[in-house]
Participant: 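Input: one structure, supplied below.
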Amino acid sequence: MTFNSGSQLDPDRVQRRGPGKGVAVGGGIGALLVALFAALTGTGTLDLSSLTDQDQSANAQAASTCLTGADANQSAECRYVATVESLDSYWTQTLPAQTGVRYTEPTAVSFSGSTSSPCGTASSATGPFYCPSDQTVYLDVGFFDQLTSQYGSSGGPLAQEYVVAHEVGHHVQDLTGVLDRSGGQQVGAGEGSVRTELMADCLGGMWARGAATTLDASGTTFLEPLTEQDIADALSAAASVGDDRIQQAATGQVDPDSWTHGSSAQRDAAFRLGYQSGQYDQCARILTERL
C-alpha cells in the first residue's frame, strides 16, 4: 500500500528508545516468536546485543526526516510513523461511531536491539508487541525484514503495515474492555489467547478497508487505494506467522493445544473478515464464535 507523497507526517508521533536488557515477555506477535526461539534452541533465553551510540544517532537522524508520505514510501522507520498516524485517524472516527468508545492514541515506540517496558524487555528477536500496562506498541522495524527472510511473507508494504495494525488492534481491544475479558492467557486452538489474536487480525483488516479514505491534519489522504497485490501482501504476512506454520518449520510437528495466535488459515480468514465487513461487532464475534 503506497502512501500519498503529499500527506503530512509528525515525526514525533513515534518515540525512539535505546536498548535495555533481558528477555521480552510481552504479547502480540512477539510472544509467538519467543515460543519459536525456545522450540528451535531448547531454551527460554536470548542473547541480546546492545545498540551502539552510533546506531542510536543514525536512527534518530533518520526518524527526524519522516515528514511526508514520500518519506514513508522510502523508509521502514517512516512507514511505521505513517501507519500509526493513519491508524489514529481511522480509529478516531470509527471506534466511537461503531462502539461509543472514544479512541485515545497509544504510545508508539521504535527501538533497535532491545528496550524495557512494563511488560518486560522488548527485543528485536521477539518482534513487536502491545503492552496494556502503558498502552504502548513496541516495534523494531528490523522485524519487517524478518517477515520475509525468516517467515516467508511476501514483504510488501501492506505486509509491514499489517503488523502495526495488529498491535494497534490490541490497543482497541484494551479501550473497549475485551482484552481483560477475553481469557487471553489461555493457550490452545479455540482458547482465549488465539481468539484475542484473531480479533486483532480482524481489526487490522478493518483499518485496511478504510485506510485509503483516512485523512492527515491537512485533509490529504494518507494512503492510495489498495491493489490486489496489497491485499495479497497482508494475507501473506498473516499466514506467515500462523502457529501451525511456525511449529512445522521449528519442530516438524503441529500441536494445536499450544497455539497462541491461531493457524495460518484462521489468521487469513480473520483479516478477510475485517476487510470485507468493516464492522467492529463482526470482529468481536471471534471471541465467542468459531472462525
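Computed from a predicted model, the values in this text were never measured in an experiment.
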Participant: Do Tyr80 and Arg13 have side-chain atoms, one donor and one acceptor, less than 3.5 Å apart?
Facilitator: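 Result is no, nothing qualifies.
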Participant: Have Asp230 and Thr227 got a donor and an acceptor in their side chains that come within less than 3.5 Å?
Facilitator: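 Yes.
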Participant: Closest heavy-atom contact between Pro118 and Asp134?
Facilitator: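 Result for this residue pair: CD-OD2, 3.2 Å.
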Participant: For residues Tyr90 and Val101: do they belong to one hydrophobic cluster (side chain heavy atoms under 4.5 Å, members Ile, Leu, Val, Met, Phe, Trp, Tyr)?
Facilitator: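 Looking at the clustering, Val101 is in the same group as Tyr90.
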Participant: Hey, could you give me the CG/OG1 distance between Leu287 and Thr196, rounded to the nearest 0.5 Å?
Facilitator: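 One gets 6.0 Å once the value is rounded to the nearest 0.5 Å.
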Participant: For a quick test of reading the model, state the closest non-hydrogen atom pair linking Leu273 to Gln282 and the distance between them.
Facilitator: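 Leu273 and Gln282 have their closest heavy atoms at CD2-O, 3.6 Å.
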Participant: Report yes if some heavy atom in the side chain of Ser117 is under 4.5 Å from a heavy atom in the side chain of Ser133; otherwise report no.
Facilitator: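 Counting from C-beta outward, Ser117 and Ser133 never come under 4.5 Å.
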Participant: Measure across Gly113 and Asp140 and return the closest heavy-atom pair with its distance rounded to 0.1 Å.
Facilitator: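 Closest approach of Gly113 to Asp140: N-OD2, 3.5 Å.
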Participant: Does a side chain donor of either Tyr280 or Thr176 reach within less than 3.5 Å of an acceptor in the other side chain?
Facilitator: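 Result is yes, a qualifying pair exists.
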Participant: Using a 3.5 Å distance criterion without hydrogens, assess whether the side chain of Ser89 forms a donor-acceptor pair with backbone atoms of Ser86.
Facilitator: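 Such a contact is absent between Ser89 side chain and Ser86 backbone.
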Participant: Heavy atoms, side chains only, cut-off 4.5 Å: are Pro96 and Arg102 in contact?
Facilitator: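 Pro96 does not reach Arg102 side chain to side chain.
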Participant: Would the number of heavy atoms belonging to other residues, nucleotides or ligands and lying under 6.0 Å from CD of Gln93 be above 12?
Facilitator: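 No - once you tally the heavy atoms of other residues, nucleotides and ligands closer than 6.0 Å, there are 12 at most.
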Participant: Should the ring pair His170 and Tyr130 be called parallel, tilted or perpendicular, given that the plane angle runs from 0 to 90° and is split at 30 and 60?
Facilitator: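 Judged by the thresholds at 30° and 60°, the geometry between His170 and Tyr130 is parallel.
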Participant: With rounding to the nearest 0.5 angstrom, report the CZ to CZ distance, Arg272 to Arg267.
Facilitator: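 These two atoms lie 14.5 Å from each other.
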Participant: Drop me the distance from Asp88's CG to His171's NE2, to the nearest 0.5 angstrom.
Facilitator: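 Reported value, rounded in 0.5 Å steps: 8.0 Å.
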Participant: Would you say Val164 and Val84 make side-chain contact, with heavy atoms under 4.5 Å?
Facilitator: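 In contact.
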Participant: Step by step, would you call Glu77 with Ser110 a side-chain hydrogen bond (donor to acceptor under 3.5 Å, both in side chains)?
Facilitator: CA-CA 8 Å; Glu77 188 75 37; Ser110 174; 2.6 Å; yes
Participant: How far apart are the C-alpha atoms of Ile231 and Tyr275, what are their side-chain angles, what is the distance that settles it, and do they pass the side-chain contact (heavy atoms from CB on, under 4.5 Å) test?
Facilitator: CA-CA 9 Å; Ile231 298 302; Tyr275 181 74; 3.7 Å; yes
Participant: Would you say that Leu139 contacts Val109 through its side chain, given a criterion of any heavy-atom pair below 4.5 Å between the two side chains?
Facilitator: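 Answer no - side chains too far apart.
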Participant: List the residues meeting side-chain hydrogen bond (donor to acceptor under 3.5 Å, both in side chains) with Thr94, not counting sequence neighbours, and say none if there are none.
Facilitator: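 For Thr94, no residue satisfies side-chain hydrogen bond (donor to acceptor under 3.5 Å, both in side chains) once neighbours in sequence are set aside.
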Participant: So, taking the atom named CD in Glu161 and the one named CZ in Arg79, what distance separates them when rounded to the nearest 0.5 Å?
Facilitator: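 Those atoms lie 6.5 Å apart.
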Participant: Identify the heavy atoms of Ala208 and Leu226 that sit nearest to each other, and give their distance.
Facilitator: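 Heavy atoms only, the tightest pair is O-CD1, 3.5 Å.
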Participant: For Thr68, give me all partners under side chain to side chain contact (heavy atoms under 4.5 Å, CB included), at least two apart in sequence or on another chain.
Facilitator: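 Per chain and number, Thr68 pairs via side chain to side chain contact (heavy atoms under 4.5 Å, CB included) with Gln8, Ala70, Asp71.
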Participant: Any chance you could measure Phe271, atom CZ, to His166, atom NE2, to the nearest 0.5 Å?
Facilitator: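 Phe271 atom CZ to His166 atom NE2 measures 12.0 Å (nearest 0.5 Å).
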Participant: If we only count heavy atoms from C-beta on, is the Asn4 to Phe222 side-chain gap below 4.5 Å?
Facilitator: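 The answer is no; the side chains never approach within 4.5 Å.
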Participant: Is the shortest side-chain N to carboxylate O distance from Arg285 to Asp281 below 4.0 Å?
Facilitator: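 Here Arg285 does not pair with Asp281 in a salt bridge, since their nearest N and O are not under 4.0 Å apart.
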